[in-house]
Amino acid sequence: MSINCAAVDRLIDSMSFTQKVGQLNQRLLGWKSVERNAAGRLVASDELKQEIDRWGGLGTLYGLLRADPWSGQHWGNGIRPEERTEAIAVVQQTVLERGAHGIGVLLSEEAPHGHQALGGTVLPTNLGLGATFDPQGVQEAEAAVAAELAASGIHIALVSGLDIARDPRWGRYEECFGEDPLMAARMCEAIVTGMQGEHCSKVGHGGVAVVLKHLAAQGEAVGGRNGQSAVLGPHDLHEIHLPPVAAGVRAGALGFMAAYNDIDSVPCCANPWLLKDYLRDQLGFDGIVMADGLAVDRLEDMAGSIPAAGRAALLAGVDVSLWDEGFTRLEEYADDEQVVAAVDTALRRVLELKAMFGLLPEDGADTAAIAMPSADAIAQATADGREQAKRMAREAITLINDGQSAATLDDIRSVIADAQAGPVIVAGPFADDFGCFLGDYTAPLPADEQSSVYRQLVARLGEDRVLLAAKPSDAPADQWARASTVVFVCGSTSERSYDSEFDDNGAAKAVTEYGATCGEGVDLSDIRLPWRQDDMLGEVAALTTAPIVSVAVCGRAHVLTDVLERSAVTIWAGYAGQYGPQAVADVLVDGADMSGRLPVTLPAYPAAIPVRYNDRQSAAHVYKDAAEPILRGFGYGAGSLAAVTFSEMHADTQSHPGEVLVQVTAHADDHGAAGAVNLFAHVSGGRRIPRLAMLVDSVYMDLNAGERRDIAFHVPCDRLRDVGDGQVQVTCTLDGDSTHTVTATLPGEY
């Protein structure tokens, strides 16, 4: 993408130090930048005008279209989809008219799993997307989200993806693609390519710039406590937490967000090794680094003052602030040569990004000519996004238990299809709940787009057939005795209410007794299902002899031991997004296949955590009161490719220099199948204790009925070798199945 460097140089030379600093600030909350006049029209707020006047322009504006309980924006007062064009025009025109150099403002929006705006698409959260093991599907879904953002006049998408799920006590666990670094890396690459296009081809042309967050190791925080220290060595940092970062750079990500936590006492947003030596020098990244919300100000204790905090972050490699005061105080360092040079460097990156979106004045023009959003384009992009959300919700549904009792899923489907059978009772605290499927950072959806498992089953089976019993006492004893099937909807929720209390960065400060049990700020010491749901399921089981299908809607790796023991069938749904209820009904009523796989390890006991498939030491038979601490392993999915058999597995270390080629033949039965086939490796012979297993490749395939296909796994030797001078033995296993295992030896001298 061509950038007029000479024009950027001239702009930098023409700016005062204050104006330069202003371009690095992103401190104004966007929803406060517009207001409604007496006629109900959107106009620029005094706060917006004052911010522009203070800096002689505006660098980046956060969250103009954001709607949620923290912002206080909803369908009664927020910017509706049909008003996006008006809102964008008001802001950009005000910036151009009052700014000193005719430069437009970059507009950034939260898009962790869809656009967090009224009418925005809501994909499954990353934990749900991770269960698909389908990077290509994620790429297509994120491309649809980017198209909606771009059509709405947005330039930057703030997207979670770098965090690795290491401790289920952490409230932001739902924002992780799972516990595996390879799959997280592939998903990050999919995000960037989908939203920006190959080689940034869509940026400014139907796509947006991606700021990947959070850099780095936030999922490793001690005790699962948000934003606290990550205590780990450099090897594990590189092996577990940095692969998604490297993948994002390779894909061309235009931005990264520095995390709240520190790594070995050094805060991420003041870590020159992380933001300069590693990110820029080693990986070759040349985009912008943004601080997380108020993270710069949190450096005050370390730096000694708010101005010093701003200086520390800037010199460490932060280019753009987020809501903090530290960067506004950089003016106090106008005589500091280091700060002056760093400001110019950061400014150049910001202006080059603006140039990609046509936010700089062309040669000879006084102001930028900014294209305004199109209502038709927004509507079309939103419709496309809805279709992608439906598809990804279906792919996220994961079967983790089938036939625990005499009844199998097929048996239950037959009973449900029998109109003469007894009632289907939908029970549990989330039986008629929609918000539990959405996850944190979600705008409210209109009432006519909301659903629930109960409402979906009513729509398909009829009101006379389906009963609602959120509590066991909600249905009379004779109905429980007559029931043909019970669908128990359990789990957790990140839904916030508009009367919730929040910290200054939007994290939950306090939740009601039956409020959010996941999400930012909701770290838990007890990861059993909240609200005594295990006891509730026990009461249900005592009231009926009907088979129980439990649907676990979870934003973390809750303990589901009692659920599996008491249910004939258990379905894990993550937070499957706005079409999660439909996807569950598709499985139960329409017989839809479940291609999902668990992206994390499910613990069997609440205190036997954390457990991860790629730990170095097994937790089995360590705890005397919990001999088998793992309930279901990473990658488990009883429905995934159940109709496929594998044969003729072999490894080749000679034909492709630098990699191990593992091949296997897949053969589908008469039904066909779709899903991921995963290859794991265990390495021995190096100088470190090897991990119990590593995911080394994953191939998503869609087989027709009766189809036979050869699958090739390409495993780079660099992923298998350790520092040493001897041979390394690699044992590759197909999806944990000991009947499909091959062993290869890598030569020494490396």
Side-chain angles (χ1 to χ4, degrees), residues 397-418 421-433 436 452-454 456-458 461 465-493 514 517 526-554 557-573 581 584-585 587-589 594 602-606 626 628 630-632 636 638-639:
I397 304 300
T398 304
L399 182 63
I400 62 171
N401 191 45
D402 188 10
Q404 177 72 18
S405 63
T408 66
L409 178 58
D410 286 340
D411 296 332
I412 291 169
R413 285 167 168 166
S414 296
V415 170
I416 289 175
D418 183 359
V424 175
I425 299 180
V426 187
F430 300 111
D432 193 25
D433 190 87
C436 65
S452 67
V453 173
Y454 165 70
Q456 282 294 312
L457 293 178
V458 166
L461 304 175
R465 181 82 193 284
V466 182
L467 303 179
L468 176 64
K471 302 188 298 295
S473 59
D474 289 346
D478 64 316
Q479 295 287 18
W480 286 110
R482 292 181 53 242
S484 64
T485 307
V486 174
V487 179
F488 186 77
V489 189
C490 57
S492 56
T493 179
Y514 291 101
T517 54
D526 187 345
I527 61 166
R528 290 175 293 184
L529 290 177
W531 315 335
R532 302 180 65 84
Q533 292 179 69
D534 289 332
D535 294 342
M536 186 184 300
L537 179 56
E539 293 177 39
V540 167
L543 288 169
T544 184
T545 59
I548 298 173
V549 178
S550 286
V551 179
V553 185
C554 299
H558 282 293
V559 173
L560 300 177
T561 304
D562 287 349
V563 173
L564 263 63
E565 288 179 353
R566 290 170 172 154
S567 308
V569 172
T570 305
I571 295 167
W572 187 88
V584 171
V587 167
L588 297 179
V589 180
M594 285 173 279
L602 296 186
Y605 303 92
E628 300 294 339
I630 293 177
L631 181 66
R632 287 287 186 266
Y636 185 91

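If you read the sequence from its start, that first residue is 1, and numbering goes on from there.
Side-chain atoms of D411 come within 3.5 Å of backbone atoms of T408 as a donor-acceptor pair (strictly under, hydrogens ignored). Listed for the R413 side chain is a donor-acceptor partner under 3.5 Å among the backbone atoms of V587. For the pair R566 (side chain) and D534 (backbone), a donor-acceptor distance under 3.5 Å is present. Panel note: side chain R632, backbone I400; a donor-acceptor pair is recorded below 3.5 Å. With hydrogens and angles disregarded, a donor-acceptor distance shorter than 3.5 Å links the side chain of N401 to the backbone of S567. Within the 3.5 Å criterion, the main-chain N or O of I416 finds a donor-acceptor partner in the side chain of R465. In terms of modelled atom types and a separation under 3.5 Å, the side chain of Q533 and the main chain of G491 share a donor-acceptor contact. Formation of a donor-acceptor pair under 3.5 Å by the T544 side chain with backbone atoms of V540 is not found in this model. Side-chain N or O atoms of W480 include one that pairs as donor or acceptor with a backbone N or O of P472 at under 3.5 Å. Using a distance-only test at 3.5 Å, with no hydrogens or angles considered, no donor-acceptor pair links the side chain of D535 to the main chain of R532.
Looking at heavy atoms from C-beta onward, V559 lies out of side-chain contact with Y605 at the 4.5 angstrom threshold. Residues V551 and F488 fail the side-chain proximity criterion, which asks for heavy atoms closer than 4.5 Å. Side-chain contact check for L529 versus S492: every heavy-atom pair is 4.5 Å or farther apart.
Once rounded to the nearest 0.5 Å, the distance linking CD of E565 with OG1 of T570 reads 10.5 Å. Distance check: D432 CG to Q456 CD gives 11.0 Å after rounding to the nearest 0.5 Å. Of the inter-residue distances, the one linking D562 atom CG with R528 atom CZ reads 9.5 Å to the nearest 0.5 angstrom. One finds the CE atom of M594 at 4.0 Å from the CG atom of L399 (value rounded to the nearest 0.5 Å). A distance of 9.5 Å separates OG1 of T398 from CD1 of I571, quoted to the nearest 0.5 Å.
Screening T485, V466, V458 for a side chain to side chain contact (heavy atoms under 4.5 Å, CB included) with V426, the sole residue that qualifies is V466.
Between A573 and I397, the shortest heavy-atom distance links the atoms CB-CD1, 3.8 Å. Of all the heavy atoms in A546 and A483, the pair that sits closest is CB-O, 3.3 Å. Closest heavy-atom contact between G403 and V569: N-CG2, 4.3 Å. Of all heavy-atom pairs spanning L560 and A552, the tightest one is CD1-CB, 4.0 Å. When all heavy atoms are compared, the tightest approach of L461 to V424 is CD1-CG2, 4.3 Å. Across L467 and Y454, no two heavy atoms sit closer than the pair C-CE1, 4.0 Å.
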From CA spacing to verdict: side-chain contact (heavy atoms from CB on, under 4.5 Å), D433, V489: CA-CA 9 Å; D433 190 87; V489 189; over 6 Å; no
Which is it for V486 and V549 under the side-chain contact (heavy atoms from CB on, under 4.5 Å) test, yes or no, and what are the steps along the way? CA-CA 6 Å; V486 174; V549 178; over 6 Å; no
Candidate pair I630 and L602, rule side-chain contact (heavy atoms from CB on, under 4.5 Å), full reasoning: CA-CA 6 Å; I630 293 177; L602 296 186; over 6 Å; no
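Taking the six-membered ring wherever Trp is involved, the centroid distance between the rings of Y636 and W572 does not fall below 6.0 Å.
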